[in-house]
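Below is one structure, written out as structure tokens; the observations come after it.
Note on naming: letters A, B, ... go to the chains in the order of the sequence lines (proteins, then strands), and numbering restarts at 1 for each one.
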Amino acid sequence: MRFAPGPSGPLHIGHTRAAILNDEYCKRYGGKFILRLEDTNPEKIDPEAYEMIPQDLNWLGVDIDEMTVQSDRFEIYYRVTVELIKAGVAYVCTTDPEIWREMKLAGKPVEDRDLGPQEHLERWGRMLDGTYSEGEASLVIKTDLDHRNPAVRDFIGMRIRDGPHPRTGDRYRVYPLYNLSVAIDDHLMGCTHILRGKDHLNNTIRQEYIYRYLGWDIPVFMHYGLVSIPESILKTSLIRQEIQKGNYTGWSDVRLGTLQALAARGFDPRALREYWTEVGIKSVDISFSWENLISKNRSLIDGGARRFFFVPSPMLITFKHESVLNAAIPYHPQRPELGMRAHRVLPEDGSVRLYVPEKDIMGSGDGSLIRLKDLCNVRLVDICRGVGEFAGNDISSVKEERGKIVQWVGTRSPPMEIYTPEGETLIGLAEEGIEKEVTPGEIVQLERIGYCRVFFNNGLKANMTHE
RNA sequence: GCUCCCAUAGUGUAGACCGGCCAAUCAUUCCGGCCUUUCGAGCCGGUGACACGGGUUCGAAUCCCGUUGGGAGCACCA
């Protein structure tokens with residue numbers, strides 16, 4: 001089987017269904033996974049993609065058994081083309097494309113079509129040697145002009161393009177088009193099963209003509225339905241522009257739908273695999289569900305995500321207390337084996353100073369009791385000035401009064417910025433010590449915020465995975 | 001316009017090939033309840049679908065036809 005993207009940029013979620021499902025079939029039935037980079041359109045190539053695509057697949061957990069690049073295979077395409085011309089099923093067309101198209105729709109042959117193999121062989125030579133200039137001639141594969149489906153009638157197999165190719169320079173000027181190169185490669189590389197999107201249904205019919213002309217066995221074609229991916233930025237050409245303008249930080253900007261972005265957010269690639277294998281290969285058109293993917297991802301990462309406090313819009317509160325306050329908080333409420341983190345809160349001049357989320361406090365009235373989670377109780381005296389008084393350490397009194405339980409951080413807590421996929425930046429204070437305890441790239445759960453992948457870049461930062 | 005593909009709850013999916021075991025599965029979302037030192041965590045419960053119309057049949061989500069709806073293609077893109 002094969003996965004055959006054009007190297008126009010890095011992979012995004014739109015690519016993952018084909019990549020994962022092909023890989024999954026190979027793994028289940030002992031098949032071979034071929035990555036084929038289809039770079040026969042020199043205008044739509046990003047040289048970096050030759051590196052990025054295998055990396056993306058690697059992150060996805062796809063095992064590449066073999067990798068080929070179409071621009072290494074011009075001679076093969078040329079050789080098969082000659083065969084097709086000799087067989088009288090391909091012709092070099094010099095008719096104006098506009099007219100060629102009209103004739104085709106009308107089901108009529110252009111003059112060139114029936115000239116005979118010898119003439120076309122000569123013309124083919126003139127395509128290769130530069131006698132014909134770009135746009136003047138192209139190689140057409142014959143099908144049936146009276147085919148009831150107009151989309152299937154004669155299609156272009158080779159065209160002339162003079163601009164340089166990032167890999168082959170100006171060594172070749174005649175480029176194969178999708179249907180010709182794909183049919184040749186799929187057969188020569190021994191693909192017995194082709195799994196691709198339903199948008200290729202007509203291409204399959206075209207390619208089958210080539211198989212029949214050359215007496216090749218026709219592989220098993222499977223076409224899954226179209227996927228519409230909501231709320232995602234996927235178009236590589238557009239992303240590239242915006243990166244250049246500085247509107248995105250790069251291909252891994254968390255707002256994007258690239259695999260690099262999903263990786264930066266801390267997605268587990270197994271979530272994508274589970275998602276797509278559950279969706280399967282049926283040919284109904286579907287809309288991609290972030291909700292379902294996120295749910296799968298959450299259950300994969302939750303067990304390993306240590307909990308930490310994060311206080312957005314911090315507000316300082318003070319209360320009188322002479323002695324040290326100690327807190328021991330489990331890293332994961334369901335997994336005590338992950339241990340606890342300990343905090344010592346030291347009073348200064350007989351007063352304790354802590355930050356709490358502004359929103360949690362402003363909603364309470366003067367005189368209400370709150371619980372600083374895992375630390376102690378405080379009765380709010382003057383909310384506007386952030387003044388409270390120590391109210392013991394008995395959680396039951398807070399429950400009786402139905403007081404709020406709030407997160408808190410100490411005065412030496414590091415500031416932290418969290419970048420969300422929606423493009424927002426949450427600014428606040430993270431729990432003291434987190435910068436030492438967390439390894440870069442670790443996925444944690446900031447309680448009441450969501451899962452985040454922490455990193456350091458001029459301070460403590462995090463990409464939001466999801467809630 | 002022509003051709004092709006498709007149609008089960010908000011989303012995805014099982015059941016369809018081989019009609020009865022389907023008063024339709026599972027997951028997710030949503031809504032309740034329980035639990036919990038605030039976790040979008042766990043447990044329990046609930047709402048919610050066979051697009052429509054004919055036909056075949058004792059019996060249709062399942063087979064046939066039509067309608068409607070959605071999608072794709074008719075490129076010198078892949």
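- Of all nucleotides listed (B:rC4, B:rG71, B:rC6), B:rC4 comes nearest to the side chain of A:Asn149.
- Checking the phosphate oxygens (OP1, OP2) of B:rG12, a side-chain nitrogen or oxygen of A:Ser287 falls inside 4.0 Å.
- Within the nucleic acid shown, A:Asp374 comes within 4.0 Å of at least one base atom, counting heavy atoms only.
- When the P atom is compared between B:rG73 and B:rA14, the two are found 25 Å apart, to the nearest whole Å.
- Donor-acceptor pairing under 3.5 Å, judged by distance alone, is absent between the side chain of A:Glu43 and the base of B:rC77.
- Using a 4.0 Å heavy-atom distance criterion, A:Ile395 is classed as a base contact.
- The phosphate of B:rG73 (OP1 or OP2) has no side-chain N or O of A:Arg206 nearer than 4.0 angstrom.
- Only the C1' atoms considered, B:rA75 is 33 Å distant from B:rU67, to the nearest whole Å.
- For A:Gln445 and B:rG40, a side-chain-to-base donor-acceptor distance below 3.5 Å is absent, hydrogens and geometry of angles not being considered.
- For B:rU47 and B:rA27, the P atoms lie 15 Å apart once the distance is rounded to whole Å.
- A:Gln407 contributes a side-chain N or O that forms a donor-acceptor pair with the base of B:rU38 under 3.5 Å.
- Seen from the ring of A:Tyr331, A:Arg306 counts as a face-on cation partner, given the 6.0 Å and 45° thresholds.
- Donor-acceptor pairing under 3.5 Å, judged by distance alone, is present between the side chain of A:Arg307 and the base of B:rC39.
- Within 6.0 Å of CD on A:Glu134 lie more than 12 heavy atoms contributed by other residues, nucleotides or ligands.
- Of the residues near RNA chain B, A:Asp199 and A:Arg153, the one whose nearest nucleotide (by heavy atom distance) lies more toward the 5' end is A:Arg153.
- Screening A:Ile239, A:Leu262, A:Ile13 for a side chain to side chain contact (heavy atoms under 4.5 Å, CB included) with A:Leu256, the sole residue that qualifies is A:Ile239.
- Contact between the side-chain N/O atoms of A:Ser295 and the OP1/OP2 oxygens of B:rG40 is not found at any separation under 4.0 Å.
- The gap from the P atom of B:rU25 to that of B:rG32 amounts to 24 Å, rounded to the nearest Å.
- A cation-pi contact, defined as under 6.0 Å to the ring centre and within 45° of the axis, is absent between A:Arg79 and A:Phe74.
- Residue-level contact check: A:Leu105 touches the backbone only, with heavy atoms under 4.0 Å from sugar-phosphate atoms and none from bases.
- No side-chain heavy atom of A:Leu177 sits less than 4.5 Å from a side-chain heavy atom of A:Phe155.
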Would you please test A:Tyr275 and A:Trp290 for ring pair (Phe, Tyr, Trp, His ring centres under 6.0 Å) and show each step?
CA-CA 10 Å; A:Tyr275 179 80; A:Trp290 281 105; 9.2 Å; no

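- In this structure, the CD1 atom of A:Ile294 is 16 Å from the C1' atom of B:rC39, given to the nearest Å.
- For the P atoms, the distance linking B:rC18 with B:rC26 amounts to 27 Å, nearest Å.
- Between the P atoms of B:rC44 and B:rU29, the separation comes to 15 Å (whole Å).
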Secondary structure of RNA chain B in dot-bracket form (Watson-Crick or G-U wobble, distances below 3.5 Å, | marking inter-strand pairs):
(((((((..(((.......[.....))).(((((.......)))))....(((((..]....))))))))))))....

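- Using a 4.0 Å heavy-atom distance criterion, A:His200 is classed as a base contact.
- When the P atom is compared between B:rA24 and B:rA9, the two are found 14 Å apart, to the nearest whole Å.
- Residue A:Glu102 contributes atom CD, which lies 17 Å from atom P of B:rC74 at whole-angstrom precision.
- One finds a side-chain N or O of A:Arg161 lying less than 4.0 angstrom from the OP1 or OP2 phosphate oxygen of B:rC77.
- No donor-acceptor contact under 3.5 angstrom links the side chains of A:Tyr451 and A:Asn297, judged on distance only.
- Here A:Val406 lies out of heavy-atom contact (under 4.0 Å) with every strand.
- Remark on RNA chain B: of its neighbouring residues A:Lys44 and A:Ser283, the 5'-side contact belongs to A:Ser283, judged by nearest-heavy-atom nucleotide.
- Note on A:Lys399: a side-chain N or O is less than 4.0 Å away from OP1 or OP2 of B:rU37.
- Salt bridge present: A:Asp285 and A:Lys198 bring a charged side-chain N and a carboxylate O closer than 4.0 Å.
- Using P as the reference atom, B:rG69 and B:rC52 are 15 Å apart when rounded to the nearest Å.
- Counting heavy-atom neighbours within 6.0 Å of A:Asp144 CG, excluding the residue itself, gives a total above 12.
- A donor and an acceptor atom never sit less than 3.5 Å apart when one is taken from the side chain of A:Arg148 and the other from the base of B:rU3.
- As judged by a 4.0 angstrom heavy-atom cut-off over every strand, A:Gly135 is placed among the base-contacting residues.
- Phosphate proximity of B:rA16 to A:Lys282: absent, as no side-chain N or O sits under 4.0 Å from OP1 or OP2.
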